[in-house]
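Lettering of chains follows the sequences in order, A, B, ..., and the numbering in each one begins at 1. The shown structure was predicted, so the numbers you read here are calculated from the model rather than taken from an experiment. Side-chain atoms are counted along with the backbone in the values below, which use heavy atoms only and exclude waters and symmetry mates.
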There are 2 protein chains.
Amino acid sequence: MQDTLTETTDETTVRMGEIQNSLGFLLRVAQIQTFERFFETLGDYGLKPGEFTVLWVIGLNPGLRQGTIAATLSIKPAHMTKLIGRLAKQGLVARTTPADDRRAVRLTLTDQGRTFVAENKSAFLAQNAFERNQMSPEEMETLIGLLRKLTGREADAS
Amino acid sequence: MQDTLTETTDETTVRMGEIQNSLGFLLRVAQIQTFERFFETLGDYGLKPGEFTVLWVIGLNPGLRQGTIAATLSIKPAHMTKLIGRLAKQGLVARTTPADDRRAVRLTLTDQGRTFVAENKSAFLAQNAFERNQMSPEEMETLIGLLRKLTGREADAS
DNA sequence: CGTATTTAGTTTCCGCGTAAACTATTTTCT
DNA sequence: AGAAAATAGTTTACGCGGAAACTAAATACG
């Protein structure tokens, strides 16, 4: 990381000023890094973090409406359609149109999908692995708590 | 937020399980929210967070190499080319090919760019505004500190 | 009941960000 | 010096994510 920096730098270090403490900036960098880390572990399956999360939620809430998931995970409806399309094509989720409301789409995991989530659950959650950074378990816990507060997701939906 | 949830939910609340405490998940949500907030304030100018950050860094480091900025801000070279192209077209940055290395591109802010950054600096940094969440100033400070640690940006480049 | 409104998803179109291939320049090596 | 390798950026092709317009179904309303 520092290598990447010096590698390309011409002479001096880059001055960043107050932006080093900008929440938006730090979140962006953190997310990029997390993303990269995700691919090191789960990327082989061609799934992205958001997609795995969707699988996860469907697994915990079988028969959930497509739009509900979209709203919960801040995924735009248009995107949701395509995302589910991909997962369906991979045989991981199944779409059902219920008789009582034929506009709706209810989602469930296929057997394959269930297996997939079960097998990769730990790998996905291991993102938190603080060993890789210099964070202590306590710090990581604090960080997660603060992020939950920031995002208004303190209430535990178990 | 809770409204969005209940609004679209059919019956019960969505169960999320351990993923509620997943760093990657929380970072994603946090970033989406920050992004939206950004547009409420600075979006009128048609600039995105990353673009403003680039302007900022060029302002602090005039004559910096394009690739150096890309590496520092985790922006891919290919993207950087287009991003700078946009900013140049808007008359905010100027590209110069130095005589000593004619492959390189050095960047500076135009007068217009300098003015723009000066005028919007405070709006951009106000993203941190903890008033909008229920975070206390101390919590926000802790959060930022932990994010810096997480991303390996603890060393202060002033 | 039949029309108007709302709701659920989908489709279309577009721009962003990326990987891979490419161009131009500089450095290395013999 | 001259060929090979490395470096800086750009171009091309492509998939993802989003806004807006659209379709289909359900509810409201007179």
Side-chain atoms of residues 75-84 of chain A: list all donor-acceptor pairs with protein atoms under 3.5 Å, sequence neighbours left out, distances to 0.1 Å.
unit_1, atom_1, unit_2, atom_2, d
Thr81(A), OG1, Pro77(A), O, 3.3

* Structure fact -> With B for base contact, S for sugar-phosphate-only contact and - for none (protein heavy atoms under 4.0 Å), nucleotides 13-19 of chain D reads B--SBBB
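- With sequence neighbours excluded, no residue forms a side chain to side chain donor-acceptor pair (under 3.5 Å) with Gln90(B).
- For Asp111(A), the salt bridge (Lys or Arg N to Asp or Glu O under 4.0 Å) partners two or more places apart in sequence, or in a different chain, are Arg114(A).
- Arg65(A) has a side-chain polar atom (N or O) that falls below the 4.0 Å cut-off from OP1 or OP2 of dG9(C).
- In this view, Glu138(A) and Ser136(A) satisfy the side chain to side chain donor-acceptor pair (under 3.5 Å) rule, not counting sequence neighbours.
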Could you go through nucleotides 1-3 of chain D and list every protein N or O atom that sits under 3.5 Å from one of its N or O atoms, giving the distance for each pair?
none

Using a cut-off of under 3.5 Å, enumerate the N/O to N/O pairs linking the protein to nucleotides 21-28 of chain D.
unit_1, atom_1, unit_2, atom_2, d
dA25(D), OP1, Arg102(A), NH2, 3.1
dA26(D), OP1, Arg102(A), N, 2.9

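- Annotation: salt bridge (charged side-chain N to carboxylate O under 4.0 Å, His left out) contacts involving residues 46-63 of chain B, sequence neighbours excluded, comprise Glu51(B)-Arg86(B).
- For Arg102(A), the side chain to side chain donor-acceptor pair (under 3.5 Å) test picks out no residue, with sequence neighbours left out.
- Atom CZ in Phe35(A) sits about 11 Å away from atom C1' in dT18(C), given to the nearest Å.
- Side-chain proximity of Ala104(A) to the nucleotides dT10(D), dA8(C), dT10(C) is greatest for dA8(C).
- Phe116(B) and Leu47(B) get closest at one heavy-atom pair: CE2-CD1, 3.2 Å.
- In terms of the salt bridge (Lys or Arg N to Asp or Glu O under 4.0 Å) criterion, Arg95(A) has no residue partners (sequence neighbours excluded).
- Rounded to whole Å, the distance from CE on Met80(B) to C1' on dT11(D) is 17 Å.
- Every residue two or more places apart in sequence or in another chain that forms a side-chain contact (heavy atoms from CB on, under 4.5 Å) with Thr115(B) is listed here: Glu119(B).
- Here Pro62(B) pairs with Thr108(B) under the side-chain contact (heavy atoms from CB on, under 4.5 Å) rule; sequence neighbours left out.
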